[in-house]
Each structure stands twice: as structure tokens, then as C-alpha cells.
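The structure appears below as C-alpha cells.
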Amino acid sequence: MSFTNRVFSGIKPSGDLHLGNYLGAIKRFVPLQETHECIYCVVDMHAITVWQDPKILTQSTREVAAAYLAAGIEPKKHIIFNQSQVAEHAELAWIFNCVTRMGWMQRMTQFKDKAGKNAQNVSLGLFAYPSLMAADILLYKATHVPVGEDQKQHLELTRDIATKFNNDFEKDFFPLPEPIITGAATRVMSLRDGTKKMSKSESSSLATIYMLDDEDAIAKKIKKARTDPEPLPQNFADLENRLEAKNLVSIYAALADISPQEVLNQYGGEGFGVFKPALAQLAVEKLAPMNKEMRRYLDDPVQIDEILKDGANRAREIAKVTMKQVKDIVGFIS
């Protein structure tokens, strides 16, 4: 069976979008509009796998949508919507819950990391959400998914679920979506600890650049980022054991749309007294206009809600067809 060249991806509205969300995901979504049908989702159903303040969840959902729009995703040509408006996501997830094996779920490293020693007390949703993630993707028969390094395992599970469904029902029904992993800074690390992923849960306020930070805050956080006393090398491979330095070079490369090696071709041999101000200036140049545009959208929540509703209506038209076919294959009377 041939499938439409289609991209699906989503971001969880867990509050306080940061540079890692932008460089690792949103920025990569934009150029795919030129080559694929694109469906970009705010995955609010995933957010509630841990408790969320309802008012904050509403605001965070709009914030992710505003970031999509501010980055340059075109809602008329492609689709932007929030997951909970399309009930077929939950319907397909239940069918996938009955296809997916417990052992597959137990191997998911992100669940182990998030649950830690408290695995018996976390929600069933946190355990099962990779099945919902598979449903998100396969509901639209997406052929490609832009992912960061830490999401590859989830896409592999999606492919396993699609394969098992196809085999169980002797149908070539779902595609096996391919990952799209491109460019520098696919995983942005903390500015204060190069062993940790950039996150809103960092204890230091200087560790994370938020998408709604003003110019002064962006520049300050970069200039105070942890580094080491050595100058930058000539070759990117030489940064393998210098995690903080590698992170800053990768961020520069991603913001400038060049390779990390090209950054070192320009700054190799220089100290951080030269490099950090250059990176701060670049970050402000790239992020400040997006910050301004996000705030413009957030000042008009009615407009955001209308865009999400229109996107959900269009997404639902695709989803309804898939679910009708799935029900027929499974044997449900619909």
C-alpha cells in the first residue's frame, strides 16, 4: 500500500517552553512544510499523565500553539490542533493497548526515568502513554516523525505496534513511520550542567532559556553558562568530553543553521570571553522576534482557540476515516 508523504509531531503543554523545545522540535518543524503534509499537535492528553492545574494547562496549550505560529508554521496550509479535541486519538489508543505487550512498555526508559523508585504510585496513563503516542502518529498514517535523540525509542515502539497490528489482522494497513533527526542540538542540555537535559525543573534559574524570556535574560543566561578554562578546539570531535562547551557550540550551530564544525572553523582557538558574547548576540537576534510574536498571539487567546478548533476539525476528517477502517478490520460494528 502506498501512503501520503505526511509528517506528524506534537509537543506536550507542560508549561514554560524553553530553548530545548524550540531547537529540538519546533524549529525543525518549519522547513518540513515545503516537502510534506504536516500535522502538528499540542498533546494535552499526554500532559495529564501527571497532575496539571487546569488553568495553567489551558494557558500552556495556547503557549505551544503560539510558538508553532510564531516559528512560521502556516495553519491554513497545514494543521495545528490540540489532541483532546479529536476523540479518535483515545479510541485508537485503546485498541493499541490491546495490541501492545506489557514487556514492550516495561522497557521504555523514559517511564523508568520519570517514575524512578515510585513506579507503583504513578498513574496508569504515565505507563501507557507510549501507546497513545503511537495512536497520535498512526491515526494520520504519518510516514515521518521529527524526533530528538531521546524520542527514538518511542518511535521504534510505534513501528512495533504498527507491525503487530498489520500482522495480527493480515493487513498492510499502517505505515512504519521513519524518524527525521537533523541538524545540531537535537538534544539541548542545561546551561549549568552538561550532563542534564535542559528543563523547566532545573534548580538554577540560569540553567534554562525560556521562549518568553526577554533579551536581557537570554543574554545573561548565556554569559553565565558554565564552561571550562580551555579555549575552543579546532575540531568538534575534541569537545566529546567537554560537555558544557559542546552544548554551547551546538546551540550556536542550531541557531545559525550551520554545522558545529563550521562554528569551530570561526571560533576555534578563541576563549569563552569571545564566544559567549557572540552566542548571546546571536540568540537574542533569533529568539527576540519570536518572543515578540508569541506574546502577540497570547494577547489574543480567541484567535489561538479559533486556529486550534479549525485544525481539529480538519484533523478529525482524516482521523474519522482511519478509525472507520480500523473498526472494520477489528470487527467492531460501526
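Numbering of residues begins at 1 and proceeds along the displayed sequence.
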Should [X] and [Y] count as an ion pair when the cut-off is N to O under 4.0 Å?
{"X": "K324", "Y": "D328", "value": "yes"}
{"X": "R159", "Y": "E156", "value": "no"}
{"X": "D310", "Y": "R314", "value": "yes"}

Straight-line distance of [X] [atom1] to [Y] [atom2], nearest 0.5 Å:
{"X": "L298", "Y": "I304", "atom1": "CG", "atom2": "CD1", "answer": "4.5 Å"}
{"X": "N247", "Y": "L191", "atom1": "CG", "atom2": "CG", "answer": "6.5 Å"}
{"X": "L157", "Y": "K164", "atom1": "CG", "atom2": "NZ", "answer": "12.5 Å"}
{"X": "I26", "Y": "L69", "atom1": "CD1", "atom2": "CG", "answer": "10.0 Å"}
{"X": "F127", "Y": "Q106", "atom1": "CZ", "atom2": "CD", "answer": "5.0 Å"}

Polar side-chain atom of [X] near backbone of [Y] as donor-acceptor pair, under 3.5 Å:
{"X": "N21", "Y": "H18", "result": "yes"}
{"X": "Y267", "Y": "F272", "result": "no"}
{"X": "R295", "Y": "L212", "result": "yes"}
{"X": "K200", "Y": "S14", "result": "yes"}

(request) Determine the minimum heavy-atom distance between A253 and S259, stating which atoms define it. (result) CB-C, 3.7 Å
(request) Kindly give the heavy-atom pair with the smallest separation between Y140 and D136, and that separation in Å. (result) CD1-O, 3.2 Å
(request) Report the C-alpha distance between T195 and M189 in whole Å, list the side-chain angles of each, state the deciding distance to 0.1 Å, and finish with yes or no for side chain to side chain contact (heavy atoms under 4.5 Å, CB included). (result) CA-CA 7 Å; T195 67; M189 310 307 285; 5.9 Å; no
Would [X] and [Y] count as a close aromatic pair, with their ring centres under 6.0 Å?
{"X": "F81", "Y": "H89", "result": "yes"}
{"X": "F275", "Y": "Y252", "result": "yes"}
{"X": "F29", "Y": "H78", "result": "no"}
{"X": "F169", "Y": "F173", "result": "no"}

(message) Could you go through N241 and K246, starting from their C-alpha distance and side-chain angles, then the distance that decides it, and tell me whether this counts as side chain to side chain contact (heavy atoms under 4.5 Å, CB included)?
(response) CA-CA 8 Å; N241 296 316; K246 180 181 180 181; over 6 Å; no
(request) Dump the intermediate steps for side chain to side chain contact (heavy atoms under 4.5 Å, CB included) on V330 and F165, then the final yes or no. (result) CA-CA 10 Å; V330 169; F165 183 95; 4.1 Å; yes
(request) Check the pair L255, L23 against side chain to side chain contact (heavy atoms under 4.5 Å, CB included), reporting the backbone distance first and the verdict last. (result) CA-CA 8 Å; L255 287 171; L23 295 181; 3.9 Å; yes
(request) Would you list the pairs meeting side chain to side chain donor-acceptor pair (under 3.5 Å) in which at least one residue belongs to residues 55-67, sequence neighbours left out? (result) R62-D305
(request) Can you sort out the partners of N313 under side-chain contact (heavy atoms from CB on, under 4.5 Å), two or more places apart, ordered by chain and number? (result) K309, R316
(request) Apply side-chain contact (heavy atoms from CB on, under 4.5 Å) to M211 and list each qualifying residue two or more places apart in sequence or on a separate chain. (result) L17, Y22, L287, M290, M294
Can you list every pair that meets salt bridge (Lys or Arg N to Asp or Glu O under 4.0 Å) and has a residue in [range], with sequence neighbours left out?
{"range": "residues 224-235", "result": "D228-R242"}
{"range": "residues 249-273", "result": "K27-D257"}
{"range": "residues 84-102", "result": "E91-K327"}

(message) I'd like to know if the side chain of D238 pairs up with that of Q234 as donor and acceptor (distance under 3.5 Å, no hydrogens or angles considered).
(response) no
(request) Could you check V326, I161, T158, L139 and say which one makes a side-chain contact (heavy atoms from CB on, under 4.5 Å) with F174? (result) V326
